[in-house]
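Counting convention: from 1, in listed order, for ligands and their atoms alike.
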Amino acid sequence: MEQLVQQIEAYKQEINLFDAKTPEAVEEFRIKYLGTKGLVKSVMGEMKNVPNEQKKAFGQVLNEFKLFAENKYESLKENHQPEADSHQQIDWSLPGDPIAAGTRHPLSIVRNQIVSIFKRLGFAVAEGPEIEDDWHNFGAMNLPEDHPARDMQDTFYISQNPAWLLRTHTSSVQARVMESQKPPIRVICPGRVYRNETISARAHCFFHQVEGLYIDDNVSFADLKQTLYFFVQEMFGKNVKVRFRPSYFPFTEPSAEMDISCLICGGDGCNICKHTGWVEILGSGMVHPKVLDNFGIDSNKYTGFAFGMGVERITQLKFQVNDLRLYSQNDVRFLKQFTGVI
Ligand code: PHE
């Protein structure tokens with residue numbers, strides 16, 4: 001027994017000094033010490049020759065020896081693992097994992113396009129708060145408290161007295177611009193607006209607008225028409241037809257709505273254009289003198305035009321989206337169709 005213990009000590013020394021430079025040497029180590037005919041097995045075979053009263057003590061020595069050899073083997077393996085692994089497990093000929101490209105939201109794409117067209121005409125971008133007071137959203141825009149046209153825009157009120165509300169149009173931003181700037185004024189106001197409407201394929205309680213305002217001397221209705229005509233051609237192409245219809249807005253006089261020939265059916269008549277061949281895309285008009293006066297802009301000297309359009313509607317026509325709810329449901333199957341569209 002004494003002798004055996006010494007022998008084991010000697011093996012341990014040997015193991016300690018063992019250095020494997022290659023994976024083959026690691027394998028050699030395994031065969032020599034841990035293999036079925038290895039040294040660990042063979043000293044274990046000596047157990048039967050050890051007297052009974054010493055078996056327990058010798059068993060401990062053996063276990064320790066086995067662990068010692070196994071630990072060494074693990075550490076040798078570790079040193080050679082990475083190289084061995086990368087060659088064995090990675091198949092470099094397989095295609096890589098696809099990286100899903102992010103997409104811009106269709107409303108952002110179209111808003112950016114609208115903004116960039118008007119920027120080329122010299123319009124600057126103006127922004128304002130979504131929570132507004134009554135004055136900027138209504139009062140200043142020639143909609144006094146009892147004005148029936150307030151019913152046109154079902155308003156979400158946050159408080160009654162003083163009245164705070166979610167803006168119903170970005171005309172409120174025009175009001176803020178006229179309040180703080182002197183003519184010439186040439187701005188577009190993109191932003192989210194809110195109206196208390198039941199959510200359906202055709203209506204939503206929030207949507208997006210781009211409104212525009214141009215005030216200077218001698219701004220005429222002809223300028224309005226030409227500007228909007230240019231916009232439509234840039235947005236939808238040269239073949240689209242345009243028509244203006246007289247309309248009413250409290251903040252413009254005269255007012256007009258603009259229709260374009262239906263892009264879905266080419267004017268023949270379909271569900272989108274309700275079989276008329278035309279779709280309305282914006283409201284517009286010459287800024288009402290009262291609105292100018294509200295901001296101390298001399299309405300005898302200056303004139304201006306304003307317009308407002310819904311980004312959802314333009315996007316619907318551009319990308320043939322037939323349900324407004326798709327815009328806010330975050331369904332990837334919908335959103336990923338716009339991959340790569342800038
Ligand atoms: N503010 C109007 C709306 O939200 C749009 C509009 C703006 C109409 C400017 C005329 C002039 O419906």
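- At a 4.0 Å heavy-atom cut-off, ligand 1 touches Arg195 through the side chain alone.
- Near Ala306, the atoms of ligand 1 lying under 4.0 angstrom from a non-hydrogen atom of the residue are 9 (C), 11 (C).
- Side-chain contact between Asp223 and Phe305 is present, with heavy atoms from C-beta onward closer than 4.5 Å.
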Without placing hydrogens or testing angles, list every side-chain donor-acceptor pair under 3.5 Å for residues 252-259, not counting sequence neighbours.
| residue | atom | partner | partner atom | Å |
| --- | --- | --- | --- | --- |
| Thr252 | OG1 | Ser255 | OG | 2.7 |
| Ser255 | OG | Phe249 | N | 3.3 |
| Ser255 | OG | Thr252 | O | 2.9 |
| Glu257 | OE1 | Arg245 | NH1 | 3.2 |
| Asp259 | OD1 | Arg245 | NH2 | 2.8 |
| Asp259 | OD2 | Arg243 | NE | 2.9 |
| Asp259 | OD2 | Arg243 | NH2 | 3.2 |
| Asp259 | OD2 | Arg245 | NE | 2.8 |

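- Counting heavy atoms under 4.0 Å from ligand 1, residue Ser284 touches it through the backbone alone.
- Counting protein heavy atoms only, atom 1 (N) of ligand 1 is closest to Glu211 OE2, 2.8 Å.
- Interface atoms of ligand 1 facing Phe249, defined by a heavy-atom separation under 4.0 Å, are 8 (C), 10 (C).
- Atoms of ligand 1 found under 4.0 Å from any heavy atom of Phe307 (numbered from 1 in listed order, with element): 7 (C), 9 (C), 11 (C).
- Residues Leu166 and Glu130 fail the side-chain proximity criterion, which asks for heavy atoms closer than 4.5 Å.
- For ligand 1 and Gln209, the ligand atoms under 4.0 Å from any heavy atom of the residue are 3 (C), 4 (O).
- Remark: side-chain polar atoms of Lys55 are paired, donor with acceptor, to backbone N or O of Val50 under 3.5 angstrom.
- The residues Lys72 and Glu14 are annotated as not salt-bridged, no charged nitrogen and carboxylate oxygen being separated by less than 4.0 angstrom.
- Below 3.5 Å of separation, one finds an N or O of His169 facing an N or O of ligand 1.
- Residue-to-ligand polar distances place Ser171 within reach of ligand 1: an N/O pair is separated by less than 3.5 Å.
- In Phe251, the part holding a heavy atom less than 4.0 Å from any atom of ligand 1 is the side chain.
- Contact record, Pro250 with His288: O-CD2, 3.6 Å, taken as the closest heavy-atom pair.
- Ligand 1 has no atom lying under 4.0 Å from any heavy atom of Met309.
- For Phe307 and Phe118, the ring centers sit closer than 6.0 Å to each other.
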